[in-house]
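To start, the structure itself, in structure tokens.
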Amino acid sequence: MNRKLCEATARRIWNKESPEWALEEDDVRVGSVRIPLMHWRFDRRLTEMRGLVGKGKAVYNLCAYKSVRVDHAGTDFDHILRRELDVCQWLLGQDIVSVYAIANGDKAVLALAETASGIVCALDLAATLSAESNPITRHEIIGVEGIITDRAINEQVPVEAVYVFKKNEKNPETFTDADFSMLGLKPEEIQIVDYIIDLLENPGQYEELQNRYDYLTKLIDCFHTSIKMGKKVYMGGNAV
């Protein structure tokens with residue numbers, strides 16, 4: 001399927017106009033097949049980081065990884081964990097094999113994890129933002145030589161291209177159109193459409209993505225076990 005046809009089909013799926021495909025909260029359904037929604041893999045900052053790691057550029061001899069994700073109050077922590085654990089393993093190309101986590105109820109989780117090659121990963125996650133605020137993220141890959149990050153050093157919150165301030169509104173409307181063919185969609189919405197386009201172009205990856213989702217589900221169970229028991233929990237597997 002060519003790119004233009006994929007984009008047109010993805011638009012129909014996004015607008016809920018496709019009889020065969022359905023976009024739901026956590027997955028994309030193709031007939032009776034459900035494919036997990038892992039659109040963060042199409043965040044352009046993250047894909048650039050992964051490319052640099054894969055090509056062995058900018059950072060050498062990886063030794064540590066750090067991530068921060070602050071989401072809206074009330075967000076299901078399993079959803080946050082699934083996202084950040086997949087980002088971590090996808091960027092590094094390695095599985096997490098052990099975790100130690102502590103939590104402050106449903107407001108915050110601080111976790112230390114280790115990959116198969118011994119890379120230490122620190123995940124600082126929270127669900128405390130107001131509904132009007134945009135989620136805050138930051139990812140760093142640290143090597144013996146070099147550091148890669150998806151945010152400028154002094155950037156505390158995501159920077160938007162355009163801010164529109166309105167009377168009697170707490171927060172401004174923001175606009176960051178990054179793709180002319182998807183004008184009007186927010187960055188995360190563009191990621192979802194790009195993810196659907198990739199599924200259309202590469203249908204052979206469905207099983208691989210479902211296996212990755214199952215692995216992440218087991219890893220999240222390890223996090224809950226660690227929080228409950230207050231100790232390090234081990235797990236094995238293969239990274240995708």
Side-chain angles (χ1 to χ4, degrees), residues 1-54 67 69 71-72 75-76 78-95 125 134-139 141 150-151 158 160-161 174-217 219-220 238-240:
M1 188 180 291
N2 65 52
R3 179 75 182 186
K4 288 187 178 180
L5 183 56
C6 286
E7 287 182 359
T9 304
R11 272 288 191 176
R12 289 200 302 273
I13 296 169
W14 177 259
N15 293 326
K16 303 185 185 302
E17 298 169 352
S18 172
E20 297 180 358
W21 289 67
L23 177 61
E24 300 178 0
E25 184 177 1
D26 292 318
D27 55 36
V28 181
R29 180 172 51 78
V30 188
S32 60
V33 178
R34 292 184 178 273
I35 307 162
L37 195 59
M38 303 166 80
H39 55 281
W40 44 81
R41 293 186 175 200
F42 286 84
D43 181 313
R44 297 181 187 186
R45 293 173 183 256
L46 297 181
T47 57
E48 289 299 322
M49 290 178 69
R50 177 177 163 86
L52 289 171
V53 171
S67 73
R69 172 78 180 186
D71 223 310
H72 300 116
T75 301
D76 185 348
D78 282 3
H79 181 77
I80 302 174
L81 279 169
R82 184 170 290 108
R83 173 194 173 97
E84 291 307 315
L85 289 172
D86 185 61
V87 169
C88 173
Q89 295 174 113
W90 179 68
L91 288 178
L92 300 177
Q94 298 183 31
D95 270 338
L125 315 175
N134 291 327
I136 297 170
T137 61
R138 185 182 184 90
H139 303 88
I141 300 173
D150 60 345
R151 298 289 175 193
E160 308 291 347
T174 59
F175 301 88
T176 307
D177 289 300
D179 193 315
F180 181 76
S181 67
M182 302 180 199
L183 189 67
L185 297 185
K186 296 178 181 178
E188 186 164 322
E189 294 173 338
I190 292 175
Q191 293 168 26
I192 293 173
V193 175
D194 280 339
Y195 182 72
I196 294 170
I197 291 171
D198 188 64
L199 293 177
L200 290 166
E201 291 180 321
N202 304 287
Q205 64 182 319
Y206 294 176
E207 184 177 354
E208 177 184 302
L209 291 168
Q210 289 165 336
N211 290 338
R212 177 52 27 182
Y213 183 89
D214 292 341
Y215 177 83
L216 289 167
T217 299
L219 187 54
I220 289 169
N238 295 314
V240 174

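All figures in this text were calculated on a predicted structure; none of them were measured in a lab.
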Check side chain to side chain contact (heavy atoms under 4.5 Å, CB included) between [X] and all other residues, then give those that pass, not counting sequence neighbours.
{"X": "D26", "result": "H79"}
{"X": "D43", "result": "R45, L46, Q191"}
{"X": "E48", "result": "none"}

Close side-chain approach of [X] to [Y], heavy-atom, < 4.5 Å:
{"X": "V28", "Y": "L23", "value": "yes"}
{"X": "L85", "Y": "I220", "value": "yes"}
{"X": "T217", "Y": "R82", "value": "yes"}
{"X": "D95", "Y": "Y215", "value": "yes"}
{"X": "H139", "Y": "E84", "value": "yes"}

By salt bridge (Lys or Arg N to Asp or Glu O under 4.0 Å) - contacts of [X] (at least two apart):
{"X": "D86", "result": "R41"}
{"X": "R69", "result": "D71"}
{"X": "R29", "result": "E24"}

Measure the spacing between CG of D150 and CD1 of I141 and express it to the nearest 0.5 Å.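 Here the rounded value is 9.0 Å.
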
Heavy-atom pair of closest approach, residues T47 and W90: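 Looking at all heavy atoms of both residues, the shortest contact is CG2-CH2, 3.8 Å.
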
